[in-house]
A.B. asks: 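Sharing a structure below in structure tokens format, with a few things to ask.
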Amino acid sequence: MKKTLIALVAVLVSLSTYGQGSVFFSTRDTAAGIDAKVVRAAGTVGAGLGAGGTVGPAITAQLFLVGAGGSLTPLTPATTFRTTGSAANHFYINATDVVVPGIAAGQSATFRFRAYETAAGSYDAAANSTTFQFGESNDVTVSALGGTPVGGGAPITTPTLVGLQGFTLTIVPEPGTIALGVLGGLALLARRRK
């Protein structure tokens, strides 16, 4: 009985994996027309490098599944930006195949690409701080995920995530910095009126 139960669980696990769709996550693919650069805050340096061309604070790139009501589910693996090769490479991630749990091959799914300073621990932590860099792309829908359909049939080629737009990482300024900016603007307006 115990062996039968173990075999049944193994079959169910393999069937659940069998039907999951996949997508190829890349921010640069000249053949597919993808050029979604990610630039560090305060400069024109790619997210893979810091100021002066040295490897800066690590930036993590992660793909999220956009669900009902805009909920986001992180898809693994999180990846990093390129830190070797020509300077042009440092704006892009190391491309990877991503399995999309809960969505079968052939079905559509919507994705959002986010990047954040790795030391923050998560995108939300970076977005709620005043010291970490973060940013996100537009939402992109893939009409048919790759993989083997649940009911059988010919495998669907894994599609490349086309339509991503690049972005510049930002840092949320401290409230004091915002207040100083507003006061400076008001002072300029007051001086101009005199």
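In this text the structure is predicted, and so the values were computed from the model without any measurement.
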A.B. asks: Taking all atoms of both residues into account, what is the closest heavy-atom pair of Thr83 and Gly48, and its distance?
C.D. replies: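 Where Thr83 meets Gly48 most closely, the heavy atoms are CG2-O, 3.2 Å.
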A.B. asks: Ile103, Leu63: one ILVMFWY side-chain cluster at the under-4.5 Å cut-off?
C.D. replies: yes
A.B. asks: Which heavy atom in Pro155 sits nearest to a heavy atom in Pro149, and how many Å separate them?
C.D. replies: CA-CD, 4.3 Å
A.B. asks: Ignoring hydrogens and geometry, is there a side-chain-to-backbone donor-acceptor pair from Arg28 to Asp35 under 3.5 Å?
C.D. replies: no
A.B. asks: I'd like a table of donor-acceptor pairs (distance under 3.5 Å, sequence neighbours excluded) in which one partner is a side-chain atom from residues 111-124, with atom names and distances.
C.D. replies:
| from | atom 1 | to | atom 2 | distance (Å) |
| --- | --- | --- | --- | --- |
| Arg112 | NE | Asp139 | OD1 | 2.6 |
| Arg112 | NH2 | Asp139 | OD1 | 3.3 |
| Arg112 | NH2 | Asp139 | OD2 | 3.2 |
| Arg114 | NE | Glu136 | OE1 | 2.8 |
| Arg114 | NH2 | Glu136 | OE1 | 3.2 |
| Glu117 | OE1 | Gln133 | N | 3.2 |
| Thr118 | OG1 | Ala58 | O | 3.0 |
| Thr118 | OG1 | Thr60 | N | 3.3 |
| Thr118 | OG1 | Thr60 | OG1 | 2.6 |
| Ser122 | OG | Ala125 | N | 3.1 |

A.B. asks: Quick check: is Phe81 connected to Ile34 through a chain of hydrophobic side chains (ILVMFWY, heavy atoms under 4.5 Å apart)?
C.D. replies: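 No.
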A.B. asks: Drop me the distance from Thr170's OG1 to Phe134's CZ, to the nearest 0.5 angstrom.
C.D. replies: 4.0 Å
A.B. asks: Taking Leu65 as the starting point, is it possible to reach Val140 by hopping between hydrophobic residues whose side chains are less than 4.5 Å apart?
C.D. replies: yes
A.B. asks: Over all heavy atoms of both residues, which pair between Ala109 and Leu145 is shortest? Give the atoms and the distance, please.
C.D. replies: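 What the structure gives for the nearest pair is CB-CD1, 4.1 Å.
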A.B. asks: Of all the heavy-atom pairs spanning Ala41 and Thr168, show the shortest one and how long it is.
C.D. replies: CA-CG2, 4.4 Å
A.B. asks: Quick one: does Arg82's side chain have a donor or acceptor within less than 3.5 Å of a partner on His90's backbone?
C.D. replies: no
A.B. asks: For Thr130 and Ile171, which heavy atoms make the closest approach, and how far apart are they?
C.D. replies: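 In terms of heavy atoms, the two residues are closest at O-CG2, 3.3 Å.
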A.B. asks: Do Val98 and Tyr92 share a hydrophobic cluster, counting only Ile, Leu, Val, Met, Phe, Trp and Tyr and linking them when any side-chain heavy atoms are less than 4.5 Å apart?
C.D. replies: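 Hydrophobic grouping puts Val98 apart from Tyr92.
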A.B. asks: Are any of the side-chain heavy atoms of Ile59 and Val38 separated by less than 4.5 Å?
C.D. replies: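 Not in contact.
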A.B. asks: What pair of heavy atoms forms the shortest contact from Pro159 to Ser22, and how long is it?
C.D. replies: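 That would be CD-O, 3.6 Å.
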A.B. asks: Are the side chains of Phe24 and Leu161 in touch, meaning some heavy atoms are under 4.5 Å apart?
C.D. replies: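 No, too far: nothing below the 4.5 Å cut-off.
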A.B. asks: Say whether Ser26 and Thr160, considering side chains only, have a donor N or O and an acceptor N or O under 3.5 Å apart.
C.D. replies: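 Distance-only check fails for Ser26 and Thr160.
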A.B. asks: Can you list everything that forms a side chain to side chain donor-acceptor pair (under 3.5 Å) with Thr110? Sequence neighbours excluded, please.
C.D. replies: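 Per chain and number, Thr110 pairs via side chain to side chain donor-acceptor pair (under 3.5 Å) with Thr141.
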A.B. asks: With a 4.5 Å heavy-atom cut-off, do Asn94 and Thr80 have their side chains touching?
C.D. replies: yes
A.B. asks: Under a 4.5 Å side-chain heavy-atom rule over Ile, Leu, Val, Met, Phe, Trp and Tyr, are Leu164 and Leu75 clustered together?
C.D. replies: yes
A.B. asks: Treating Thr27 as the side-chain partner and Ile93 as the backbone partner, does any N or O pair qualify as donor plus acceptor under 3.5 Å?
C.D. replies: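 At least one qualifying donor-acceptor pair exists.
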